[in-house]
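Here the structure is laid out as structure tokens; the discussion comes afterwards.
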Amino acid sequence: MKGFGFMTRSLVEKLSDVVGAAFSARDLPADLGAVRVSDRPDLAQFQCNGAMAAAKIAGKAPRDIANDIVGTLAGHGDLSRVDIAGPGFINLDVTDDYLAAHLRDMAGDSHLGVPQSGSGQTVVLDYGGPNIAKPMHVGHLRSAIIGDSLRLMMRYAGFKTLGDVHMGDWGTHMGMIVSEFIRTGATDRILGIDLEDEEQIDALMGELGVMYPQIAAACKEDPARKEEALAATVKIQNKESPYFDLLQLIRKASVNGMRRNYALLGVHFDLWKGEADVHDLIAPMVADLKAKKLAVESDGATVIPVKRDDDKKEMPPLILYKRDGGVMYGTTDLATIVERVSLYDPARIIYVVDQRQHLHFEQLFRAAMAGAVTRPDVALFFAGFGTMNGTDGKPFKTRAGGVMKLEDLIAMALDKARERLDEAALAQDMDEAEKNDVAHKVAIAAIKFADLQNQRTSDYVFDLDRFAAFEGKTGPYMLYQAVRIKSLLRKAYVTNDIDIDIDTMFRDLWNNDVSLREGDRSLALQLAQFSDAFDAALRHYMPHHLAEYGYQLANSFSSFYANCHILSEDDPAIRQSRLALCVLTYKVLETTLAMLGIAIPRRM
RNA sequence: GCGCCCUUAGCUCAACCGGAUAGAGCAACUGCCUUCUAAGCAGUAGGUUGGAGGUUCGAGUCCUCCAGGGCGCGCCA
């Protein structure tokens, strides 16, 4: 690749510098020169709205100020057009050469222009939370998809990321199950289960799946039964035998299923920890908080008050020990902060959890800060997400009204994908293994893209028929566009059907001059927006900005593909430049999809 | 009762720090497969951004009130 260094500024940032300097030259704040992509593409490529804001400061008419700025910018070699529109908008176009040079910088940058803002800092992300002994269900889908996406984005931006599954293995539900095994005399049988034997594990999980709803119902009806479960919970937490032994066995058996589910989804965790892992940190932590007079007795429980005088809402204390001596999730969550800070020294801890737990995390963060169990420079962030609803607008359920298992949901998506693949007749020449692989990638892309294109914080309607229709703004559409580029490049490089090395092509193509013309311009401008979209997504922990960007890029490419000759272009320089644009589009699209946890098949 | 969130096209959703004519997808309608994958492209139609005030040169976005919906509020997670 021709020599150019790291790219540190996006196109709009560079233009903001230029226009900002023009404002400075008129003794106006440089930040008024902020340039953004025009929302009137029919009028201009970029716009600056600063002249209108400057009117007050300068005591002049916006159009007069805009006139001054335009005067300063006129003749700038990189701008092909600068003019004023409406009340004082400054409209800008860049030259094709400048745009091409920018793309060249981007192509030469190891991260396609995304700044390495993480600079090696560690961040812990918490996006699992499945309970052991229970099958994973659709409620685990959003945290997994969003959390993994945030992890991938942060890693790309130069953070050292640690995703923790943080399974629920220390609560009352375990007391219910363990007490049931003990009361029915099943202890020896359960403890005799061979954890190397898949069949025995599956049998146990099946048994637990049937058992749990029954016990939960029994505890609800019968206070004595509930007491028994709560007592067992305390015994587990005191690591008494055989209570704790039962828990450990169930936990080990449960992890199998979790790994299988997350593997199907293509969601990765670095740490497979649970609430139980921090148990030994709890007693010293509470002792310390008591010594500091932060933890106090209240109604027989030990709590940390977190209410402030200026609170408008009620703010209950964080409970550390219940009256019966048992710990709650606030306790383990607090101890988990202690553990994470001491083991990993993170700059941030991010919780990707259902929005409904917002209050709990506010209590937790306040307790953590007040109790100084963490350092003040460790940012604790609650990235809450909305509920996944069914087409009726109510929380997603099976037709029968029950909770749908995650594996069933994935299987349904897989069926749809396979069905559509058969209809399309395109996959006919694939063998069964490849067909399955493509169907799986299509199914996961459908599910993930459908989720991630929604704003994280809002509820969304899960409608598999719509997602898997594979038309319009869907994951499969994204894959389709990526695969078309790959196919085109494969043809350009005449390697028959052998898998091509995109990186080699990428270097080859960008080692030549790249020039742009009319039909290439909108795709090129779209490519230049990558790092801005990435930044928006990262800054707010909102992957939908990247999903939206990816769709627009795929769409721009599809237009370009339909309207421009590429392989059939006679002029070798134009053909070469367009191929360079294609390979950069592929790289950016692939990276964008990768950040969303979506993998592209070789063909489809 | 207290508090938080939401209401944008028939449906599902976007709109970065308040900016021009509020954008997509689906559904509907019209074109386009002897150039590279039609799971596609180009186009038409569809809106008083729940309602009423206010701030502002400018409001889907900020403030107040109202209507409708969702969620959370001490020993479950």
- Query: Are A:Phe385 and A:Tyr541 close enough that their ring centres sit under 6.0 Å apart?
  - Reply: no

- Message: Within the 4.0 Å heavy-atom criterion, would you say A:Lys322 contacts the bases, only the backbone, or no part of the nucleic acid?
- Response: base

- Message: On the side chain of A:Gln47, is there an atom forming a donor-acceptor pair with the base of B:A20 - under 3.5 Å, no angle test?
- Response: yes

- Closest nucleotide among B:G72, B:A27, B:A20 to the A:Arg356 side chain: B:G72

- Query: Just checking A:Gly171: base, sugar-phosphate only, or nothing, at a heavy-atom cut-off of under 4.0 Å?
  - Reply: sugar-phosphate

- What integer distance in Å separates A:Phe449:CZ from B:C13:C1'? 12 Å

- Under-4.0 Å side-chain N/O to phosphate OP1/OP2 contact, A:Tyr477 with B:C41: yes

- Pair of N/O donor and acceptor under 3.5 Å linking B:G25 base with A:Thr474 side chain: no

- What does A:Ala536 touch in the nucleic acid at a heavy-atom separation under 4.0 angstrom: a base, only the sugar-phosphate, or nothing? nothing

- Within the structure, does a side-chain N or O atom of A:His544 lie under 4.0 Å from either OP1 or OP2 of B:A15? yes

- Task: Please work out which of the three classes, parallel, tilted or perpendicular, describes the rings of A:Phe462 and A:Phe396, given edges at 30° and 60°.
- Result: perpendicular

- Note on the structure: For B:C71, the nucleotide meeting Watson-Crick or G-U wobble distances (both under 3.5 Å) is B:G3

- What's the CD-P distance between A:Glu569 and B:U35, to the nearest Å? 16 Å

- Task: Examine B:A77: is either OP1 or OP2 under 4.0 Å from a nitrogen or oxygen in the side chain of A:Thr172? Give yes or no.
- Result: yes

- For B:A20, the nucleotide meeting Watson-Crick or G-U wobble distances (both under 3.5 Å) is none

- Note on the structure: Any strand, both distances under 3.5 Å, Watson-Crick or G-U wobble: B:G60 pairs with none

- Item | A:Ser558 side-chain N/O to B:G40 phosphate OP1/OP2 under 4.0 Å | no

- Message: Distance check needed: B:C2 C1' versus A:Lys312 NZ, whole Å only.
- Response: 12 Å

- Query: Among side-chain atoms of A:Tyr477 and A:Asn555, is any donor-acceptor pair under 3.5 angstrom?
  - Reply: yes

- Task: Classify the side-chain pair A:Tyr460/A:Asn389 by whether it contains a donor and acceptor separated by less than 3.5 Å.
- Result: no

- Item | Distance test, side-chain N/O of A:Thr332 to OP1/OP2 of B:A77, below 4.0 Å | no

- Is a side-chain donor-acceptor pair under 3.5 Å present for A:Arg484 with A:Gln481? yes

- Message: Looking at A:Lys491, I'd like to know whether one of its side-chain N or O atoms comes within less than 4.0 Å of OP1 or OP2 on B:U37.
- Response: yes

- Item | Sugar-phosphate only, base, or nothing, as touched by A:Tyr460 at under 4.0 Å among non-hydrogen atoms | sugar-phosphate

- Under 4.0 Å between any heavy atoms, over every strand shown, what does A:Tyr329 touch: base, sugar-phosphate, or nothing? Just pick one. base

- Message: Between B:G23 and A:Glu548, counting only base atoms on the nucleotide and side-chain atoms on the residue, is there a donor-acceptor pair under 3.5 Å?
- Response: no

- Query: Is there ring stacking between A:Phe89 and B:A20, where the centres must be under 5.5 angstrom apart and the planes under 30 degrees?
  - Reply: yes

- Query: Whom does B:U8 pair with, Watson-Crick or G-U wobble, provided both distances fall under 3.5 Å?
  - Reply: none

- Can you tell me how far P of B:C16 sits from CD of A:Gln455, to the nearest Å? 9 Å

- Task: Answer with base, sugar-phosphate or nothing: what part of the nucleic acid does A:Glu471 contact at a heavy-atom distance below 4.0 Å?
- Result: sugar-phosphate

- Message: Tell me whether the side-chain N/O atoms of A:Tyr561 come closer than 4.0 Å to OP1 or OP2 in B:U37.
- Response: yes

- Query: So does A:Thr457 get a side-chain nitrogen or oxygen closer than 4.0 Å to the phosphate oxygens (OP1/OP2) of B:C5?
  - Reply: no

- Message: So that I know where these two stand, are A:His166 and A:Tyr127 an aromatic pair - ring centroids less than 6.0 Å apart?
- Response: no

- Searching all strands shown, indicate the nucleotide that pairs with B:C65 (Watson-Crick or G-U wobble; both distances under 3.5 Å). B:G51

- Identify whether any heavy atom of A:Gln481 sits under 4.0 Å from a base atom; if not, whether one sits that close to sugar-phosphate; answer base, sugar-phosphate or nothing. sugar-phosphate

- What integer distance in Å separates A:His360:NE2 from B:C4:C1'? 17 Å

- Message: With a 4.0 Å limit, can you tell me whether A:Lys220 has a side-chain N or O closer than that to the phosphate oxygens OP1/OP2 of B:C76?
- Response: no

- Rounded to whole angstroms, how far apart are CG on A:Asn389 and C1' on B:C6? 12 Å

- In whole angstrom, give the distance that lies between atom CG of A:Asn454 and atom P of B:U12. 12 Å

- Output yes when A:Lys273 and A:Asp169 qualify as a salt bridge under the 4.0 Å nitrogen-oxygen rule, no when they do not. no

- Determine whether any donor atom in the side chain of A:Asp333 lies under 3.5 Å from an acceptor atom in the base of B:A77, or the reverse, and answer yes or no. no

- Message: Counting the atoms with a prime plus P, OP1 and OP2 as sugar-phosphate, which does A:Arg323 contact under 4.0 Å by heavy atoms, base, sugar-phosphate, or nothing?
- Response: base

- Does B:A27 have OP1 or OP2 sitting under 4.0 Å from an N or O in the side chain of A:Arg466? no

- Query: What does A:Met52 touch in the nucleic acid at a heavy-atom separation under 4.0 angstrom: a base, only the sugar-phosphate, or nothing?
  - Reply: base

- Message: Applying a 4.0 Å non-hydrogen cut-off, can you work out what A:Val483 is touching in the nucleic acid: base, sugar-phosphate, or nothing?
- Response: base

- At under 4.0 Å between heavy atoms, what does A:Asp39 touch on the DNA or RNA strands: base, sugar-phosphate, or nothing? base

- Hey, is B:C17 sitting syn or anti, using the within-90° cutoff around 0? syn

- Message: Using a 4.0 Å heavy-atom cut-off, does A:Arg36 contact any base of the nucleic acid, only the sugar-phosphate backbone, or nothing at all?
- Response: base

- Message: At 4.0 Å (heavy atoms only), tell me whether A:Asp299 reaches a base, stays on the sugar-phosphate, or touches nothing.
- Response: base

- Nearest-angstrom distance from the residue atom CG of A:Asn49 to P of B:U61: 18 Å

- Check: B:A39 base within 3.5 Å donor-acceptor of A:Tyr480 side chain: no

- State whether A:Asp310 and A:Arg308 are salt-bridged, where the test is any N-O pair (Lys NZ or Arg NE/NH1/NH2 against Asp/Glu carboxylate O) under 4.0 Å. no

- Query: How far apart are the C-alpha atoms of A:Lys322 and A:Thr172, what are their side-chain angles, what is the distance that settles it, and do they pass the side chain to side chain contact (heavy atoms under 4.5 Å, CB included) test?
  - Reply: CA-CA 12 Å; A:Lys322 298 188 288 182; A:Thr172 308; 4.2 Å; yes

- Message: Can you tell me the base-pairing partner of B:G43? Count Watson-Crick or G-U wobble geometry only, both distances below 3.5 Å, and say none if there is no partner.
- Response: B:C29

- Query: Touch check for A:Leu318, heavy atoms < 4.0 angstrom, all strands: base, sugar-phosphate only, or nothing?
  - Reply: nothing

